[in-house]
Structures are given as structure tokens and as C-alpha cells.
Amino acid sequence: MNIQIFGTKKNFDSKKAERYFKERGIKYQFIDMKEKGLSKGEFQSVCQAIGGYDKLIDTDCKDKDLLALITYIAEEDKAEKILENQSIIKVPVVRNGKQATVGYQPETWKNWK
């Protein structure tokens with residue numbers, strides 16, 4: 001397994017995801033979204049794995065103006081705008097090769113081999 005956790009240090013779900021893998025002795029790489037974020041290739045891979053970039057959007061994010069902009073922007077511009085403003089992405093984003101989840105989902109991680 002090649003686990004990558006994209007999250008923030010202060011986010012509780014990110015901490016729970018880290019703890020989940022640490023308790024099971026599974027090696028993972030933590031990437032702080034405030035420092036680095038998703039590359040374009042990683043972003044596209046995650047979107048493909050979860051079934052679209054709409055599932056990446058955190059509807060409870062603090063930046064309501066950005067959320068409104070992304071909600072009503074033209075469909076072909078949405079992915080680019082989300083990639084530019086990654087603060088709107090729900091964390092943690094957990095990747096295992098071509099598989100990915102958004103949010104805290106231990107039921108799904110349990111089935112990863």
C-alpha cells in the first residue's frame with residue numbers, strides 16, 4: 001500500500017485518518033494542504049477515483065464567497081478554479097494508488113489491500 005493523506009494539521013478528520021493508519025502499522029505520507037496541496041495530476045486522479053470533482057467540495061468551508069463562485073461558475077471552469085483554490089476541498093483526501101476517498105472513511109480503508 002502506498003497511502004498519501006492530504007489534509008491540514010488542525011483538522012480533526014485529518015488527525016483521525018493519521019491515527020487510523022498509525023494504529024494499524026500502515027506507513028503513510030502526510031501532505032499539508034496549506035503548504036503544498038494537490039498537483040494537477042493528483043487532483044485528476046482523485047476526481048476520477050471518487051466520481052467527479054463535485055464530491056471534493058466542502059460545503060461547510062469558511063469561504064462562502066468562493067463556494068458560491070464555484071457553485072455557479074461554468075462547468076468547464078470548475079475543475080481549474082477548485083485546483084487554484086484548494087481551501088475549498090474537503091479533507092482528508094486519502095489516496096492509495098488509483099483509489100481515493102474524501103473525508104474520514106475507515107470502512108473503505110479497511111478493504112484496501
Side-chain angles (χ1 to χ4, degrees):
M1 286 197 332
N2 186 18
I3 304 292
Q4 289 181 309
I5 302 172
F6 292 88
T8 57
K9 297 219 183 290
K10 292 186 178 181
N11 180 274
F12 289 113
D13 284 343
S14 296
K15 290 178 184 178
K16 287 194 314 190
E18 275 192 276
R19 189 169 51 245
Y20 176 88
F21 291 107
K22 195 178 290 181
E23 286 173 353
R24 285 152 184 80
I26 300 169
K27 291 189 182 201
Y28 64 88
Q29 176 186 14
F30 184 82
I31 295 102
D32 193 342
M33 294 279 284
K34 289 191 190 282
E35 292 174 15
K36 190 168 183 279
L38 293 162
S39 70
K40 190 169 188 164
E42 289 167 334
F43 177 75
Q44 290 170 340
S45 173
V46 168
C47 288
Q48 205 169 26
I50 65 171
Y53 49 79
D54 288 334
K55 295 182 179 164
L56 271 178
I57 297 172
D58 183 5
T59 54
D60 297 328
C61 72
K62 291 178 182 168
D63 193 345
K64 297 298 180 192
D65 294 337
L66 179 60
L67 182 61
L69 173 68
I70 288 175
T71 303
Y72 297 110
I73 199 169
E75 210 51 47
E76 58 272 6
D77 298 332
K78 273 189 182 181
E80 196 64 40
K81 199 52 118 174
I82 294 169
L83 195 55
E84 287 172 16
N85 303 289
Q86 294 192 14
S87 63
I88 199 161
I89 294 176
K90 186 174 185 173
V91 291
V93 175
V94 181
R95 285 185 63 208
N96 178 22
K98 295 281 181 205
Q99 299 170 307
T101 61
V102 178
Y104 182 70
Q105 297 188 10
E107 307 81 32
T108 307
W109 304 333
K110 183 172 47 181
N111 298 323
W112 286 356
K113 300 281 182 259

K.L.:
Decide, yes or no, whether a salt bridge links K81 with E76 under the criterion of side-chain N to carboxylate O below 4.0 Å.
P.N.:
no
K.L.:
Are F6 and V46 packed together at the side-chain level, in the sense that at least one heavy-atom pair is separated by less than 4.5 angstrom?
P.N.:
no
K.L.:
Where do F12 and Y104 land on the side-chain contact (heavy atoms from CB on, under 4.5 Å) test, with the steps shown first?
P.N.:
CA-CA 9 Å; F12 289 113; Y104 182 70; over 6 Å; no
K.L.:
Are side-chain heavy atoms of D54 and K78 found at a separation under 4.5 Å?
P.N.:
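A side-chain contact under 4.5 Å exists here.
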K.L.:
Are V94 and W112 side-chain neighbours, meaning at least one heavy-atom pair lies under 4.5 Å?
P.N.:
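Yes, their side chains come closer than 4.5 Å.
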K.L.:
With a 4.5 Å heavy-atom cut-off, do T101 and V93 have their side chains touching?
P.N.:
no
K.L.:
Are any side-chain N or O atoms of Q86 and backbone N or O atoms of M33, one a donor and one an acceptor, separated by less than 3.5 Å?
P.N.:
no
K.L.:
Are any of the side-chain heavy atoms of F43 and I82 separated by less than 4.5 Å?
P.N.:
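Sidechains of I82 and F43: in contact.
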K.L.:
Among D63, L67, L66, L69, find the residue that satisfies the side-chain contact (heavy atoms from CB on, under 4.5 Å) test when tested with N85.
P.N.:
L66
K.L.:
How long is the gap from NZ on K110 to CZ on R24, to the nearest 0.5 Å?
P.N.:
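If we round to the nearest 0.5 Å, K110:NZ and R24:CZ are 9.0 Å apart.
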K.L.:
Between K15 and E18, is there a side-chain N and carboxylate O pair less than 4.0 Å apart?
P.N.:
no
K.L.:
Could you grab the distance from atom OH of Y28 to atom CD1 of I5, nearest 0.5 Å is fine?
P.N.:
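Here the rounded value is 5.5 Å.
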K.L.:
Would you say N2's side chain and N96's backbone share a donor-acceptor pair under 3.5 angstrom?
P.N.:
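It does not hold such a pair.
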